[in-house]
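Below is one structure, written out as structure tokens, with a few remarks after it.
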Protein chains: 2
Amino acid sequence: MPKVTSFDVARLAGVSQPTVSRALRDLPSVSPQTKERVRAAARQLAYIPHDQGRALSTRTTRRVAVVSEALTNPFYPQLLEPLRGALERNGYATVVVTDGDGDLAGEVLADGSFDGVVLTTARRGSTVARELARRAVPHVLANRVLDEPESPSVAMDNPAGGAAVGRFVATLGHRRIASIEGPDDTSTGRDRALGLRRGLREHGLRIHAGLVRQVPFDHDSGRAATRELLQRDEPPTAIVCGNDVLAFGALSAARELGVDVPGALTVVGFDDIALSSWPVINLTTVHCDLDALGRRAVDLLLAQLRGGRVAGHDVLAPTLVLRGTHGPPA
Amino acid sequence: MPKVTSFDVARLAGVSQPTVSRALRDLPSVSPQTKERVRAAARQLAYIPHDQGRALSTRTTRRVAVVSEALTNPFYPQLLEPLRGALERNGYATVVVTDGDGDLAGEVLADGSFDGVVLTTARRGSTVARELARRAVPHVLANRVLDEPESPSVAMDNPAGGAAVGRFVATLGHRRIASIEGPDDTSTGRDRALGLRRGLREHGLRIHAGLVRQVPFDHDSGRAATRELLQRDEPPTAIVCGNDVLAFGALSAARELGVDVPGALTVVGFDDIALSSWPVINLTTVHCDLDALGRRAVDLLLAQLRGGRVAGHDVLAPTLVLRGTHGPPA
DNA sequence: CCGTGGTCTGCATACGTATGCTTGTCAAGC
DNA sequence: GCTTGACAAGCATACGTATGCAGACCACGG
């Protein structure tokens, strides 16, 4: 592809290839006149330095991989954006590596294509982080964490958020409370569910086993689970969801079945993604500061890229945000 | 990063470096016994071939860049997914290149990091495609097209879709029809708006100049425009939006102002992204088969990657999908 | 006039893998 | 027994850029 190389530029400018390399990077060891001649030649040939060559020579790519599940879940683009911004401000390009099945081979991440890795959707037992650690690839977990906290990580305080929701629905007066939870092998799914139970317990409440559903984090799963729950003999008066997308599914099911929200049903989400604040949705949920999370994660990664050993486990406090999908039981 | 190279493997296996290269790629010119010895050595050292080295040597990256605006607009992840799938099936990895401002420097795309490029958010006057053409970088436009059709492209038949919407709202009986359109420098924004006018004209209708808003393709813009429109002395009875996200904004504004949809206001979108079919939204819109679009775009790209000259301009027919946000005027 | 120091440029080579060509080995065929 | 050929592996080198080191050149001071 790169028909024109630094040798071509050198020939045209009447200098050597190394001089071209130095001149175009504006190193001080090249005289102003030579620089100008080289720049002119490069311009004339529309020369673009070949990135592979540079990367091979410097053993640095200025690229960071962000591993995420399907981007069609709107949560991930919103996490991605702050990560991308922070990385860009520090001179790194972001490459999104989609990990559809959650069993990505670690090899792709350690073949020299990236200077570092951000894992956003690690499963609790995933070995990818361990493998990266073994190969000394700078990396950080953002959003989800592992059971064995070997790698640095940043996450929301999901247990605390879950507990806050529990206390909130209890205080509203609800007693028949359902929980639509995310997968148990994700730290977000499990921690929020555990937190919810703790919050309810503080008010002397428990979740009836029949009112618990554990499903993947997507709209249709939330919708199906909610349909089941609402068609029980004694349907719940409140449904707490493991994330916002599940809550959208709950709202969809309620709409389909003609159940009024919040009159006859309270729905609470978790994440506070952009859609949730749209008046057409107006979801009561738990706000997560993904900007802060992304910035912090990138800080931890940069520290490693600069050669330091890093082992922090940051936890950010979420906050309940009250909108239009909650109320006292009918 | 790659502490262990093919030379290390060669030394351990007692063979030469080229033999390692051939053995691990399972070339026939290596004896089975040698292959096994090399594989064992590679396994023992946890050897991962350095991608930069391979890329430099073969002058091929097996990577394709997909250029898109911010992924927080849910349309793009949905276009991305079929593209990614089709590329993956053909052995190419997808790299998302985010083009926040729409003025991406073409250099990044032509520095040898990618074998090909898919442009999804090109502005009408963009020179990026031309630059790629000049440098003989295989590329294709998917979704949006250019005024000068120099590069191969695939897009929905946006004028036809717009016309269908125009005829539809006219047939419903609406007369005060508003149009919230996307930016004029995008082919989607302009073509859909032109199509709408054509469809209405067929029914002897015109859009009052005061009922036209041209805004960026995002929720808040749609919401703000709709608030303005609904607070006029004679508000529109139907609002046609340049895409679904704008329509969500319209629904938000209607909700805020207590305007009933579809009782007092008809809202129509364009794209039929996943959210639109959620019962909680249930938007009447124009369906675009992004799977087909993505597959076709990748086909055109692959033809170029295999060395062919390609110059097709494919257009796919969209279809109106009637859901819950339309009705006759009050 | 020679030596010194500083400035600029070029030479040689490294980075890790892939591949054309050559060499070596061995068995079969005449 | 020598040739032929097939097969297996190694040698040399290419890909494009970056960098340590050496050398050239110039000006200046003694």
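Letters A, B, ... are given to chains in the order of the sequence lines, protein chains preceding strands, and every chain is numbered from 1. Worth saying up front: this structure is predicted, and the values here are computed from it rather than measured.
- At least one test fails for A/R63 against the ring of A/F114: distance under 6.0 Å to the centre or angle within 45° of the axis.
- Here A/S16 reaches the OP1 or OP2 of C/dG10: one of its side-chain N or O atoms lies under 4.0 Å away.
- When each of C/dT17, C/dG10, D/dA9 is scored by its nearest atom to the side-chain atoms of B/T19, the top-ranked nucleotide is D/dA9.
- For D/dG10, its base sits under 3.5 Å from the side chain of B/R22 at one donor and acceptor pair at least.
- Looking at heavy-atom distances under 4.0 Å, B/P28 makes contact with sugar-phosphate atoms alone, never a base.
- The distance between atom CD of B/Q33 and atom P of D/dA8, rounded to the nearest whole Å, is 8 Å.
- Protein atom CG of A/L27 is 8 Å distant from nucleotide atom P of D/dT19, rounded to whole Å.
- One interatomic measurement links the two molecules: CZ of B/F7 to P of D/dA12, which rounds to 12 Å at whole-angstrom precision.
- As rounded to whole Å, 9 Å separates atom P of C/dC8 from atom NZ of A/K35.
- Ion pairing of A/D184 with A/R190 is absent here, as no side-chain N (NZ or NE/NH1/NH2) approaches a carboxylate O to less than 4.0 Å.
- No contact: B/V20 has no heavy atom under 4.0 Å from any strand.
- Where B/R54 and A/G53 each meet DNA chain C at their nearest nucleotide, the meeting point lying more 5' is that of A/G53.
- Along DNA chain C, the nucleotide closest to B/Q52 and the one closest to B/P18 are compared, and the more 5′ of them pairs with B/Q52.
- Between A/D26 and A/R39, at least one side-chain N (NZ, or NE/NH1/NH2) sits under 4.0 Å from a carboxylate O, which counts as a salt bridge.
- Nearest nucleotide to the B/R25 side chain, out of D/dG10, C/dT17, C/dT19: C/dT19.
- C/dG16 atom P lies 19 Å from atom CZ of B/R59, rounded to whole Å.
- Minimum atom distance to the side chain of B/T58 is reached by C/dT19, of the listed C/dT19, D/dA9, D/dG16.
- Ranking C/dT9, C/dG16, D/dA18 by closeness to the A/T34 side chain, first place goes to C/dT9.
- The residues B/R43 and B/E36 are annotated as salt-bridged, a charged nitrogen and a carboxylate oxygen being separated by less than 4.0 angstrom.
- One can place CD1 of A/I48 at 15 Å from C1' of D/dT17, the figure rounded to the nearest angstrom.
- No salt bridge links B/R134 with B/E150; every basic N to acidic carboxylate O contact stays at or beyond 4.0 Å.
- Rounded to whole angstrom, the span from the CZ atom of A/R62 across to the P atom of D/dA18 amounts to 14 Å.
- Taking 4.0 angstrom as the limit, A/S31 places none of its side-chain polar atoms (N or O) nearer than this to OP1 or OP2 of C/dT7.
- Using a 4.0 Å cut-off, no side-chain N or O of B/S21 falls inside it from OP1 or OP2 of C/dT17.
- For the pair B/H50 NE2 and D/dG16 C1', the computed distance is 13 Å after rounding to whole Å.
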